[in-house]
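Atom set for the values below is all heavy atoms of this structure, side chains included, hydrogens, waters and symmetry mates excluded.
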Amino acid sequence: MDRTEIEHFYADEFGRILATVIRLVGDFHFAEEAVQEAFAAALEQWPRTGRPANLRAWIISTARHKAIDALRRAGRFEEIRSELGHLTELTRDPDMPSEADAAIPDERLRLIFTCCHPALAPEAQVALSLRTLCGLSTDEIARAFLVPPATLAQRLVRAKRKIAAARIPYEVPPAAALPERLAAVMAVVYLVFNEGYAASAGDTLVRTDLCREAIRLGRLLCQLLPAEPEPRGLLALMLLHDTRRATRTSAEGELVLLEEQDRTRWDRAQIEEGLALAAAAMQAVPPGAYALQAAIAAEHARAQRADETDWRTIARIYDQLMQRQRSPVVELNRAVSVAMAAGPDAGLALIAELTHSGQLDGYYLLWSVEADLLRRLGRRTEAARSYRRALDLVTTEPERRFLQRRLAEVEGR
């Protein structure tokens, strides 16, 4: 087994393995170091000794032993063992859920609920889950939160310190406590989907594996909490976006705008499922933020052609969403819908408010949207200036190439 294969396995399984080892030894810090050491041992041994029968079990077993050894050296093993309450947790099959885990029948979802402890700040719950359990990098999570990577890293450090200082147990919450953690869990799932649907950096725009995993988790949430409407809204939102995933880039990997996509290639069966879920989620009074976003996605899905899109309805739903979950990104999306419904000038007036506030200065889509509206109005010099600002901030190559083409267009090149 060569180094490249091991690196791919690391990328695919690190988060899941780390979550399991944390559960087994009850300590974030020691588990994370042990898993890193176990992978380092694999890099050294597997090319010589050959591929183990079960890669995941080998890493988990090795990491578990390393973590326990480290806990003993630090004089913390008896303390951890006491907190866990039983030794069987340290010796049983790590892929077999305990009786306490049975309320949530999926390992990754159990552990996301576990990470989303109400004693932590909401943004820390989400960031810790994304980093520890879902394998997203600090840079990817920082871009999702629209904060500098150093700020996000400090949040993670503070969260881990609080867990250690406050002796917050790493345990699956009882069924009665699941609803209070649901909002943070849904945020984790949706951010995983977003990183898959619109990758924050790299050579490709879409990461299919993350989209599929987020949708899988969304389905499980609907099954786990059938009385809650918002998981249906979240699943509907992801399904309706995902139905056009294959048309977002050309065969050459170039960005294709929504208005230019081949809608005959959208997955109609998935659209019908998404529309039904969106309608069900909108029955809540008042409808939640995911339900409203799903309703917006539903309007796009219903339009057989781009010019049939009901932008006025979309703008009205954004007005509702602003009351429910106001944020600069929601305001930006609302500005786009107003521009499409009432003309570029109306959209630019709203964009001007956002640029004046400075809240999205580091968000390339603000400048890309402004540039596009200026281009539509024939204000080429101003559009070029905004395209250049967007280019300074964009982090994926397909979007960079698209912006470069638009800049060349308005500059007459």
Is it true that a side-chain atom of Thr62 and a backbone atom of Ile59 form a donor plus acceptor pair closer than 3.5 Å?
no
So, for Trp311 and His300, is the gap between ring centers shorter than 6.0 Å?
yes
Does Arg219 pair with Glu273 as a salt bridge, N-O distance under 4.0 Å?
yes
Under 3.5 Å, is there a donor-acceptor pair between the Thr4 and Glu7 side chains?
no
Check for a donor-acceptor pair, side chain of Glu353 on one end and backbone N or O of Leu350 on the other, with a separation under 3.5 Å.
no
Taking it one step at a time, do Asp392 and Arg389 satisfy salt bridge (charged side-chain N to carboxylate O under 4.0 Å, His left out)?
CA-CA 5 Å; Asp392 287 340; Arg389 291 199 68 168; over 6 Å; no
Is Glu259 paired with Arg376 through a side-chain N to carboxylate O contact shorter than 4.0 Å?
yes
Whether the side chain of Thr243 engages the backbone of Leu240 through a donor-acceptor N/O pair (distance < 3.5 Å, no angle test) should be reported.
no
Criterion side-chain contact (heavy atoms from CB on, under 4.5 Å) on Leu391 and Trp367, from CA distance to verdict
CA-CA 9 Å; Leu391 276 165; Trp367 306 107; over 6 Å; no
With Cys222, which residues qualify under side-chain contact (heavy atoms from CB on, under 4.5 Å), at least two apart?
Pro231, Arg232, Leu235
Can you tell if the side chain of Ile17 reaches within under 4.5 Å of the side chain of Phe9, non-hydrogen atoms only?
yes
When rounded to the nearest 0.5 angstrom, what is the spacing between CZ in Arg265 and CG in Asp267?
11.5 Å
For the residue pair Tyr197 and His241, categorise the inter-ring angle as parallel (less than 30°), tilted (30 to 60°) or perpendicular (more than 60°).
tilted
How long is the span from the CD atom in Glu228 to the CG atom in Leu178, to the nearest 0.5 Å?
9.5 Å
Measure from the side-chain N and O atoms of Gln125 to the backbone N and O of Leu120, and report whether any donor-acceptor pair falls under 3.5 Å.
yes
Please tell me if the side chains of Leu221 and Leu182 come closer than 4.5 Å, counting only heavy atoms from C-beta onward.
yes
Would a 4.5 Å heavy-atom cut-off, applied to side chains only, mark Pro118 and Glu180 as touching?
yes
Strictly distance-based, threshold 3.5 Å: is any side-chain N or O of Ser386 a donor or acceptor partner for the main-chain N or O of Glu370?
no
Take Ile215 and Phe193, measure what side-chain contact (heavy atoms from CB on, under 4.5 Å) needs, and give me the verdict at the end.
CA-CA 7 Å; Ile215 288 172; Phe193 178 81; 4.2 Å; yes
Closest heavy-atom pair, Leu373 versus Pro344, reported as atoms and distance to 0.1 Å, is O-CB, 3.9 Å
Is Arg155 close enough and on-axis enough to Phe145, meaning under 6.0 Å and within 45°, for cation-pi?
yes
Can you tell me if Arg312 has over 12 outside heavy atoms packed within less than 6.0 Å of its CZ?
no
Atom pair CZ (Arg110) and CG (Leu220), whose distance is rounded to the nearest 0.5 Å
11.0 Å
Taking atom CZ of Arg324 and atom CG of Asp319, what is their separation to the nearest 0.5 Å?
15.5 Å
Are any of the side-chain heavy atoms of Leu258 and Thr247 separated by less than 4.5 Å?
no
Give a yes or no on whether the backbone of Val256 and the side-chain of Gln261 come within a donor-acceptor separation of less than 3.5 Å.
yes
Please name the pair of heavy atoms, one in Arg181 and one in Cys116, separated by the smallest distance, quoted to 0.1 Å.
CD-O, 3.0 Å
Ion pair Arg143/Glu195, N-O distance below 4.0 Å:
no
Mind running side-chain contact (heavy atoms from CB on, under 4.5 Å) on Leu393 and Leu365 for me, showing each step along the way?
CA-CA 9 Å; Leu393 298 167; Leu365 282 174; over 6 Å; no
Quick one: does Tyr387's side chain get under 4.5 Å of Asp372's, heavy atoms only?
yes
Evaluate the criterion side-chain hydrogen bond (donor to acceptor under 3.5 Å, both in side chains) for residue pair Thr151 and Gln154; output intermediate values, then yes/no.
CA-CA 5 Å; Thr151 301; Gln154 280 301 309; over 6 Å; no
What's the spacing between Asp361 CG and Leu354 CG if we round to 0.5 Å?
10.0 Å
Identify whether the distance between the nearest side-chain nitrogen and carboxylate oxygen of Glu254 and Arg405 falls below 4.0 Å.
yes
Just by distance, with hydrogens left out, do Thr313 and Arg316 show a side-chain donor and acceptor under 3.5 Å apart?
yes
Do NZ/NE/NH1/NH2 and the carboxylate oxygens of Arg334 and Glu331 come within less than 4.0 Å?
no
Leu377 and Asp345 have their tightest heavy-atom pair at CD1-OD1, 3.3 Å
If we ignore hydrogens and angles and just use 3.5 Å, is the side chain of Arg51 paired with the main-chain N or O of Trp46 as donor and acceptor?
no
Working for side-chain contact (heavy atoms from CB on, under 4.5 Å), residues Gln45 and Trp58
CA-CA 12 Å; Gln45 294 180 37; Trp58 191 99; 3.6 Å; yes
Would Asp139 and Ser137 count as having a side-chain donor-acceptor pair, cut-off 3.5 Å?
no
Could you check whether the rings of Tyr10 and Phe39 sit parallel, tilted or perpendicular, using 30° and 60° as the cut-offs?
perpendicular
Looking at every heavy atom in both Gly253 and Arg401, which two are closest together, and how far apart are they?
O-NH2, 3.5 Å
Would a distance-only check, ignoring hydrogens and angles, find a side-chain to backbone donor-acceptor pair under 3.5 Å from Lys162 to Val157?
no
Ignoring hydrogens and angles, tell me if any N or O in the side chain of Arg400 forms a donor-acceptor pair with the backbone of Thr395 under 3.5 Å.
no
When you compare the side chain of Gln325 with that of Gln293, does any pair of heavy atoms fall below 4.5 Å?
yes
Taking every non-hydrogen atom, the tightest pair across Met282 and Ala295
SD-CB, 4.1 Å
Within the 4.5 Å heavy-atom criterion, are Phe402 and Leu257 side-chain neighbours or not?
yes
From CZ (Arg375) to OG (Ser368), nearest 0.5 Å:
10.0 Å
Check: Leu217 and Ile112 side chains under 4.5 Å, non-hydrogen atoms:
yes
Taking the side chain from Gln270 and the backbone from Leu239, do they hold a donor-acceptor pair closer than 3.5 Å?
yes
Any idea which heavy atoms bring Ala42 and Ile6 closest together, and the distance?
O-CD1, 3.8 Å
